[in-house]
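Taking it in order: structure first as structure tokens, then the write-up.
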Amino acid sequence: MSFRNFAIGLTVSFGLAWFSVVVLPFFKLRELSPVSFEEGVDPKSGIYFPKTTGRVVDGARVYAENGCYQCHTQVARPTYAGNDLKRDGFAGLKADPDRGDTRRESNPFDYVGLDFAQIGVTRNGPDLINLGRRLRATYGDEADEHLYRHLYDPRLDPAVASWSNCPSMKFLFEKKEIQGQVSDAALDVAVEDGFQIVPGPAAKALVSYLLSLQHDDVVPSSMNYAPVVPGNDG
Ligand code: HEC
């Protein structure tokens, strides 16, 4: 084989893969055009285009900086690639108290407005795409407190996860002297007398972001790749 053929072969084999895995998806996904709800078919009308607030974007940066994506995915896989829809709370809630079955596969709009679509590298810890909804369903108004405690020390509650290898994010919290009353934001954790542990700005942004991870909004039926099929609601 001549060097010329070798070089062409090499370029074509790597070039094709690069083109279809990097270039094509980039151009297909970078300009998402809004999708309309269909009257009569969808429970809503108008245009579907979720927005992301600044604080959530800040939190997403803290998430990225701390490598959370190394162990946590944020994607409810299409059913042909996994059984996420059937996992409790992962892809929505099977019995949402307000809306009934909200399970669906992820779509590109789930990452709108963020610097990165943090779909994750491995699923070492649980998937987080529906974390906010899942925690609110379990802890109600105390979902944020639960998250702060988890971030401070994932092994705080041995009954839940003494084995957890989720890293502690203690450095996002501040130890402050109690001046007068204990702050409302103070964590219920052991600390020396006269002091309290309160979340710092990065911890607050991160918790806003984590709680914003909800996979339960109504999406146009044209985009809902996992509509509830009667008789197949397992
Ligand atoms: C080394 C792998 C690893 C990294 C890195 C990691 N986690 Fe985890 N995480 C886990 C594992 C394993 C669990 C399951 C055990 C538990 O609940 O503590 C978990 C659980 C969680 C939970 C509870 C999920 C639930 O469904 O209740 C949250 C929230 C969480 N991690 C957030 C984070 C955040 C935020 C970061 C980045 C600051 C992070 N994790 C980084 C491994 C990791």
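What you see below is based on every heavy atom in this structure, not just the backbone, and it leaves out hydrogens, waters and symmetry mates. Note that ligands are numbered from 1 as they come in the structure, with each ligand's atoms numbered from 1 the same way.
- Ionic pairing of Asp58 and Arg55 is not present here: no N-O contact between side-chain nitrogen and carboxylate oxygen is shorter than 4.0 angstrom.
- For the residue pair Pro154 and Pro167, the shortest heavy atom distance occurs at CG-O, 3.8 Å.
- Within ligand 1, the atoms closer than 4.0 Å to a non-hydrogen atom of Leu151 are 35 (C), numbered from 1 in the order shown.
- Here the closest heavy-atom approach between residue Ala91 and residue Leu85 is recorded as CB-CD2, 3.5 Å.
- Taking the ring-ring contact (aromatic ring centres under 6.0 Å, His included) definition, one finds that Tyr152 meets it with Phe173, sequence neighbours left out.
- The protein heavy-atom contact nearest to atom 12 (C) of ligand 1 is Asn165 OD1, 2.9 Å.
- Residue contacts with ligand 1 for Arg134 involve side-chain atoms from C-beta outward but no N, CA, C or O (heavy atoms, distance under 4.0 Å).
- Ordered by chain and number, His72 NE2, Cys166 SG make up the set of protein N, O or S atoms under 2.8 Å of atom 8 (Fe) of ligand 1.
- Within ligand 1, the atoms closer than 4.0 Å to a non-hydrogen atom of Leu131 are 24 (C), 25 (C), 26 (O), 29 (C), numbered from 1 in the order shown.
- The salt bridge (charged side-chain N to carboxylate O under 4.0 Å, His left out) pairs that include a residue from residues 146-155 are Asp153-Arg155, where partners are two or more places apart or lie in different chains.
- What you find for Pro220 and Phe37 is that their closest heavy atoms are N-CE2, 3.4 Å.
- The closest approach between Met169 and ligand 1 falls below 4.0 Å for a heavy atom of the residue.
- In summary, the atoms of ligand 1 found under 4.0 Å from a heavy atom of Trp163, numbered by their order in the structure, are 14 (C), 15 (C).
- Using a distance-only test at 3.5 Å, with no hydrogens or angles considered, a donor-acceptor pair links the side chain of Asp127 to the main chain of Val75.
- Using a 4.0 Å cut-off to heavy atoms of Leu147, the atoms of ligand 1 that qualify are 29 (C).
- Residues that satisfy the side chain to side chain donor-acceptor pair (under 3.5 Å) test with Asn130, not counting sequence neighbours, are absent from this structure.
- Between the side chain of Glu105 and the backbone N or O of Thr79, at least one donor-acceptor pair lies under 3.5 Å.
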